[in-house]
Engineer: 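One structure coming up, written as structure tokens, with questions to follow.
Computed over heavy atoms, backbone and side chain alike; hydrogens, waters and symmetry mates excluded.
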Amino acid sequence: MLFRSSQPQLELSSLRDPMNAYIAGSTPFWVAILIAVPALTMRLLAEEKRSGTIETLLTAPVAEGEIVVAKWLAGFIMYVCLLLPFALYLPFLYSQARFYFDLGPVVGLGVGLATMGMMFVSIGVFFSALTKNQVVAAIWTFVVLFLLVVMTFLAYIYAAQRQTGWADAARFVAILPQVQNFGLGRVDLRTVALHLSACVFMLYATTMIFAARRGR
């Protein structure tokens with residue numbers, strides 16, 4: 001009995017990068033992300049248009065950028081709240097599997113998921129600003145996130161197998177390898193800059209939509 005009960009602990013503690021095994025490399029985790037982000041962002045601006053409260057919001061003495069950033073920040077905070085339960089397994093990983101993990105990969109993965117979430121939520125806010133139909137906003141957000149997560153990874157696999165000249169570029173923009181590197185404690189500032197740049201661009205585009213609606 002003692003031998004049987006200790007066997008799962010030995011297998012669990014033999015993982016070199018449990019952060020990737022349980023989060024970055026988990027299919028259910030990515031499915032949850034692809035569903036949760038569109039669900040979180042689809043109502044942020046589309047509901048304002050549908051209910052007509054967008055007109056009151058636009059006549060308020062606030063700038064378009066302030067409205068967009070406030071909506072984006074609300075969505076991002078909810079995104080972070082959804083991620084927090086994933087950290088609950090870490091104490092059990094330590095107590096049950098006796099896995100002495102480094103703090104670096106934990107912090108690195110947190111940084112990567114945070115900047116990735118900033119980019120994803122900004123995309124959702126952009127599509128929410130384009131339509132008054134929440135379902136349409138959610139569908140378009142899901143499609144774009146699916147392309148970013150799945151199709152870029154497939155493009156990287158295709159390029160790597162055929163050893164093409166753009167394999168390194170495909171790996172750099174592929175979300176899955178990015179998050180896996182963060183989970184290993186490899187915080188690439190270029191990747192962080194890419195996420196933040198895409199976030200700023202999408203928020204700027206959303207602000208321009210509001211400015212056009214105000215007639216500026």
Side-chain angles (χ1 to χ4, degrees), residues 8-41 72-125 141-142 144-157 160 167-200 202:
Q9 295 184 2
L10 292 176
E11 294 177 355
L12 191 61
S13 61
S14 65
L15 294 173
R16 292 181 302 172
D17 52 344
M19 300 302 296
N20 280 332
Y22 289 96
I23 295 183
S26 171
T27 299
F29 171 80
W30 288 105
V31 172
I33 289 292
L34 293 178
I35 295 176
V37 173
L40 287 174
T41 59
W72 167 80
L73 186 60
F76 177 68
I77 291 175
M78 286 302 302
Y79 165 84
V80 173
C81 291
L82 291 178
L83 286 182
L84 289 179
F86 284 95
L88 295 178
Y89 83 92
L90 294 177
F92 294 97
L93 186 63
Y94 173 79
S95 61
Q96 299 299 322
R98 299 295 186 266
F99 188 90
Y100 299 92
F101 50 85
D102 294 330
L103 186 60
V106 177
V107 175
L109 184 60
V111 171
L113 292 178
T115 57
M116 183 194 74
M118 292 179 182
M119 177 176 64
F120 282 6
V121 173
S122 68
I123 293 172
V125 172
T141 303
F142 175 84
V144 172
L145 297 187
F146 180 85
L147 293 175
L148 286 176
V149 174
V150 178
M151 299 308 296
T152 56
F153 181 69
L154 294 179
Y156 162 65
I157 295 298
D168 291 338
R171 179 179 176 82
F172 177 73
V173 300
I175 298 296
L176 290 178
Q178 290 175 0
V179 177
Q180 288 173 355
N181 284 332
F182 281 119
L184 294 173
R186 303 168 184 167
V187 179
D188 192 338
L189 296 181
R190 297 175 302 171
T191 303
V192 173
L194 177 64
H195 292 173
L196 297 181
S197 299
C199 175
V200 171
M202 297 306 298

Engineer: Looking at every non-hydrogen atom in both residues, tell me the closest pair between Met118 and Cys199 and how far apart they are.
Structural biologist: O-SG, 3.5 Å
Engineer: Would you compute the distance between atom CD1 of Ile175 and atom CG of Leu147 and round it to the nearest 0.5 angstrom?
Structural biologist: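 Interatomic distance, Ile175 CD1 to Leu147 CG, rounded to 0.5 Å: 11.5 Å.
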Engineer: Distance check, rounded to the nearest 0.5 Å: Leu148 atom CG versus Met116 atom CE?
Structural biologist: 10.0 Å
Engineer: Could you pull out all donor-acceptor pairs under 3.5 Å where a side-chain atom in residues 78-88 meets a protein atom, sequence neighbours excluded?
Structural biologist:
{"from": "Tyr79", "atom 1": "OH", "to": "Leu113", "atom 2": "O", "distance (Å)": "2.8"}

Engineer: Less than 4.5 Å apart, side chain to side chain, heavy atoms only: is that true for Leu40 and Phe120?
Structural biologist: no
Engineer: Looking at Asp188, I want to see if its CG is surrounded by more than 12 non-hydrogen atoms of other residues, nucleotides or ligands under 6.0 Å.
Structural biologist: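 For Asp188, atom CG is crowded (more than 12 foreign heavy atoms under 6.0 Å).
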Engineer: What is the distance from atom OG1 of Thr191 to atom CG of Leu196, rounded to the nearest 0.5 Å?
Structural biologist: 10.5 Å
Engineer: For Leu145 and Ile123, work out which heavy atoms get closest and say how close.
Structural biologist: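 Scanning both residues, the minimum pair turns out to be CD2-CD1, 4.1 Å.
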Engineer: I need the full list of side-chain hydrogen bond (donor to acceptor under 3.5 Å, both in side chains) pairs touching residues 109-119, with sequence neighbours left out, sorted by first then second residue.
Structural biologist: Thr115-His195
Engineer: Among all residues two or more places apart in sequence or in another chain, which pass the ring pair (Phe, Tyr, Trp, His ring centres under 6.0 Å) test with Tyr156?
Structural biologist: none
Engineer: Measure the shortest side-chain to side-chain distance between Phe29 and Val179 over non-hydrogen atoms and say whether it is less than 4.5 angstrom.
Structural biologist: no
Engineer: Are Phe76 and Val125 packed together at the side-chain level, in the sense that at least one heavy-atom pair is separated by less than 4.5 angstrom?
Structural biologist: no
Engineer: Does any non-hydrogen side-chain atom of Met202 lie less than 4.5 Å from one of Val144?
Structural biologist: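 No, too far: nothing below the 4.5 Å cut-off.
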Engineer: Phe153 and Leu176: which non-hydrogen atoms are nearest, and at how many Å?
Structural biologist: CG-CD1, 3.6 Å
Engineer: With a 3.5 Å distance limit and no angle check, can you tell me whether Ser197 reaches the backbone of Leu194 through a side-chain donor-acceptor pair?
Structural biologist: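 Between the backbone of Leu194 and the side chain of Ser197 there is no qualifying donor-acceptor contact (under 3.5 Å).
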Engineer: Search all heavy atoms of Ala174 against all heavy atoms of Thr152 and return the closest pair with its distance.
Structural biologist: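 So the two residues come closest at CA-OG1, 3.6 Å.
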